[in-house]
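Heads up: the structure comes next, in structure tokens.
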Amino acid sequence: GSVYYMLALFISGIGTTITGVNFIVTILKMRAPGMTLMRMPMFTWSILITMIIVLFAFPPLTIAIMMGSFDLLFGSNFFTTQNGGMDMLWANLFWIWGHPEVYIVILPAFGIFSEVITAFSKKNLFGYKSMVASMVAISILSFTVWVHHFYTMGQGALSNSFFSITTMLISVPTGVKIFNWLATLYKGKIEFTTPMLYTLGFIPIFTLGGVTGVMLAMASADYQYHNTLFLVAHFHYVLIPGTVFAVLAGFYYWWPMLFGFKLNEKIGKTAFWIIAVFFNVTFFPLFILGLNGATRRMSTYSAASGYGPLQMLSFIGALGLTVGFVVLVYGIYWSIRYEPRNLKADPWDARGLEWSTAMPVPAYNFAIVPTVSSLESFWDYKQGKEDIFKGKIEEIHMPSNSIIPFVMGMAFTAWGFCVIFSWWIPAIIFAIPIFWTLFHRSFNYDKGYHIHVDEIEKTEKTLNHLRGEII
């Protein structure tokens, strides 16, 4: 089991790191004409910074996994306490990756919320530069807080004090983002769509999670909170609104672009309210239980402890959450079956440049690549103040499809399975196609193919364009 865990993380970590490089190069080298870094959408900024964190956070995890694998497969003693091994070395290497990983998860969510808030408040994002600066600050500080996961492990008052300060400090740029979102909403023409409801629900719930995070940041107080249900509640109050709500907001927001029709708003809003209410019913009692001394991972507890009523309330909340997600899935099913398909382009009247494409989006994305002159180029285009589609339709170069990545993935799967059981000869055999596909993909200069002008024009005439126009 442990070897499986190690190898699964090792292989997925390689893929994540390579993906990080791919995203960074794409964002830096393939932006639209006129789109400088400070004209990029906030979601794109969030992905760029997240991928930079990936490049620095995953190598320590990869090294730790290799050391742990050597312990398990070859009898070395990096982490085992026999013969001079250090178990705390694993804890440090794991959490040097583990806490930046929290921001790898949360920063793209911040980008999604920024796009949704501007779309449904009908305002440009307040404090764009400070939002970018706050994400950069979060990315740097994320590498200075990992020890707060084990204040109680005996590293001393000086070390605990330093990491306590840095942990509290990281809440400052996060607070900047919260206030900027609130300022964007202020005096905006807010539309309470399903994506906006998930975004508005995120702000107070996540703020409560952040405040309890500051409580946990205090090393002396953490001796009371550590390993209790208070920590479990904090984690869920940050990660569920910060990731699940963001995924659902983005899911509803960008669904029309992918499939040419909206998800049903009535069912979507019903699912939101059930999920939001029962989320709090599930996890808020855990704050109280944790402060009363209830630890996590307890298999049983006595009636005299008094934990029973709040544990039952939390269980009822979990059942309610299940109902909420069932309603959400039903809404997707209903929409696929019955939702009208006569949707025009830019159905939300949004501000993001991606909505300037036809719907549903063709394989080549833009018949004419838009030219950007400001943060609000698409909005100005819709107001008739700017022309972002300059020039004429030309042939579009597209990359060729390839089966090589699939073959590489299957070879990695077979190699990992063999190493788990120490089947070394089959592992060597399956390693050959891994290296062959890597070299083939790296040095195969595929020229791709071109979509011709007449084909593009024919496709464009069949699609819905902004305000019904045909390019």
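If you're wondering where the values come from, they're calculated on a predicted model, not measured in any experiment.
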Examine distances only and state if a side-chain atom of [X] and a backbone atom of [Y] form a donor-acceptor pair shorter than 3.5 Å.
| X | Y | value |
| --- | --- | --- |
| T174 | I170 | yes |
| T322 | A318 | yes |
| E265 | T194 | yes |
| S164 | A217 | yes |
| H397 | K447 | yes |
| D346 | A350 | yes |
| S142 | P100 | no |
| R341 | F261 | no |
| N280 | A276 | yes |
| K123 | K187 | no |

Please determine whether the number of non-hydrogen atoms from other residues, nucleotides or ligands lying under 6.0 Å from atom [atom1] of [X] exceeds 12.
| X | atom1 | value |
| --- | --- | --- |
| K390 | NZ | no |
| M38 | CE | yes |
| W334 | CH2 | yes |
| F162 | CZ | yes |
| I403 | CD1 | no |
| Y223 | OH | yes |
| F412 | CZ | yes |
| N401 | CG | no |

Got a second to check how far [X]'s [atom1] is from [Y]'s [atom2], nearest 0.5 Å?
| X | Y | atom1 | atom2 | result |
| --- | --- | --- | --- | --- |
| K129 | S134 | NZ | OG | 14.5 Å |
| R441 | I404 | CZ | CD1 | 7.5 Å |
| L289 | T295 | CG | OG1 | 10.5 Å |
| I275 | L321 | CD1 | CG | 7.0 Å |
| N160 | H148 | CG | NE2 | 11.5 Å |
| K392 | E457 | NZ | CD | 10.5 Å |

Using the benzene-type ring in the case of Trp, are the ring centres of [X] and [Y] under 6.0 Å apart?
| X | Y | answer |
| --- | --- | --- |
| F287 | Y237 | yes |
| F206 | F110 | yes |
| F202 | W181 | yes |

Exercise. After noting the C-alpha distance and the side-chain angles of K177 and I138, does the key distance pass the side-chain contact (heavy atoms from CB on, under 4.5 Å) rule?
Worked result: CA-CA 11 Å; K177 303 186 79 62; I138 288 171; 4.2 Å; yes
For this session: Please work out which of the three classes, parallel, tilted or perpendicular, describes the rings of F94 and W97, given edges at 30° and 60°.
Result: perpendicular
Considering all heavy atoms, the nearest [X]-[Y] contact:
| X | Y | result |
| --- | --- | --- |
| T50 | Y103 | OG1-O, 4.4 Å |
| P59 | V54 | CD-O, 4.1 Å |
| L343 | G260 | CB-O, 3.4 Å |
| I368 | I393 | CG1-CG1, 3.9 Å |
| H234 | G209 | ND1-O, 2.9 Å |
| A358 | P362 | O-CD, 4.2 Å |

Check: [Y] and [X] side chains under 4.5 Å, non-hydrogen atoms:
| X | Y | answer |
| --- | --- | --- |
| F284 | L208 | yes |
| L291 | Y225 | yes |
| F325 | F278 | no |
| H236 | T282 | no |
| T118 | N124 | no |
| H149 | H99 | yes |
| V147 | W95 | no |
| L328 | L248 | yes |

Exercise. When you look at F163 and Y151, which way does the ring-ring contact (aromatic ring centres under 6.0 Å, His included) test go after all the steps?
Worked result: CA-CA 9 Å; F163 286 97; Y151 281 141; 8.1 Å; no
Exercise. Which one of Y198, F113, W355 satisfies the ring pair (Phe, Tyr, Trp, His ring centres under 6.0 Å) criterion with Y253?
Worked result: W355
For this session: Let me know which of L216, V214, V145 forms a side chain to side chain contact (heavy atoms under 4.5 Å, CB included) with M168.
Result: V214
Problem set entry | Y252 side chain to W348 side chain, donor-acceptor N/O pair below 3.5 angstrom | no
For this session: Could you verify whether a donor N or O on one side chain and an acceptor N or O on the other, from W254 and E115, lie under 3.5 Å apart?
Result: no
Problem set entry | side-chain contact (heavy atoms from CB on, under 4.5 Å) between F245 and I205, intermediate numbers included | CA-CA 10 Å; F245 280 26; I205 298 174; 4.0 Å; yes
Exercise. Does K262 pair with E339 as a salt bridge, N-O distance under 4.0 Å?
Worked result: no
Exercise. Should L229 and I288 be marked as a side-chain contact (heavy atoms from CB on, under 4.5 Å) after you check the CA-CA gap, both sets of side-chain angles, and the distance that decides it?
Worked result: CA-CA 8 Å; L229 291 179; I288 302 171; over 6 Å; no
Exercise. What do the steps show when you test L353 against I388 for side-chain contact (heavy atoms from CB on, under 4.5 Å), and what is the final call?
Worked result: CA-CA 10 Å; L353 194 64; I388 60 175; 4.0 Å; yes
